[in-house]
Amino acid sequence: MASPGRIELDKLSVEQLKGLKEQTDLEVNLLQDSLTKIRTATTRLESASAALQDLSLRPHGKKMLVPLTASLYVPGSLDDAEKVLVDVGTGYFIEKTMAQGKEYCERKVNLLKSNFDELLEVATKKKAIADDLGMLLQAKLRQASPGPSS
């Protein structure tokens, strides 16, 4: 007897198995997309942390190019390397000290890495379920179709 909330896969029809497999595959794809986005965000934060480290080593008044967009830079000079603006999302920036900015990036990277690990575990389990469903579906399809007569 199955425990409450569990589905006995052997008793499902081919159509029900196909639907369940498609749904599980969709969930796996969504989880993979989320993993990619987390990886990208982690890389961006690590890059920002490295930029803060580089900025902290530059002398006051140092001439540099300031990015306005990904491909547009304007000349500028470093006025105060001890204060930075941190993008906290949805267009909001908070002024922090250099140390606080580095700590913020490190904290966010650690949070993203722990979320990545948890999500990876869920994605791996879902992928295993999808693979099991695929094998069961193929077995049912082979059973349903008559074999070659000899």
**Prompt:** Taking only residues at least two apart or on different chains, which pairs with a member in residues 25-39 satisfy side-chain hydrogen bond (donor to acceptor under 3.5 Å, both in side chains)?
**Reply:**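 side-chain hydrogen bond (donor to acceptor under 3.5 Å, both in side chains) check on residues 25-39 returns K21-D25, Q23-E27, E27-K126.
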
Shared hydrophobic cluster for [X] and [Y] (ILVMFWY, side-chain gaps under 4.5 Å):
X: M135; Y: L137; answer: no
X: L20; Y: L136; answer: yes
X: L30; Y: V28; answer: no
X: M98; Y: Y104; answer: yes

[X] side, atom [atom1]; [Y] side, atom [atom2] - distance, nearest 0.5 Å:
X: L31; Y: K125; atom1: CG; atom2: NZ; result: 12.0 Å
X: K127; Y: T24; atom1: NZ; atom2: OG1; result: 11.0 Å
X: I38; Y: E118; atom1: CD1; atom2: CD; result: 9.5 Å
X: S77; Y: H60; atom1: OG; atom2: NE2; result: 8.0 Å
X: N115; Y: N110; atom1: CG; atom2: CG; result: 11.0 Å
X: L17; Y: Q138; atom1: CG; atom2: CD; result: 11.5 Å

Minimum heavy-atom distance [X]-[Y], with the two atoms named:
X: L112; Y: L45; value: CD1-CD1, 3.6 Å
X: T42; Y: K113; value: CG2-CE, 4.0 Å
X: S56; Y: Q53; value: OG-O, 2.7 Å

Would you say the side chain of [Y] lies within less than 4.5 Å of the side chain of [X], judging by non-hydrogen atoms?
X: L55; Y: M64; result: yes
X: L133; Y: I129; result: yes
X: L52; Y: C105; result: yes

**Main-chain N/O of T43 paired with S47 side-chain donor or acceptor, under 3.5 Å** =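 No; judged by distance alone, with no hydrogens or angles, the pair does not exist.
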
**Item:** K18 with E22: basic N within carboxylate O range, under 4.0 Å
**Value:**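 E22 and K18: not salt-bridged.
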
**Prompt:** Between R58 and D54, is the closest basic N to carboxylate O distance under 4.0 Å?
**Reply:** yes

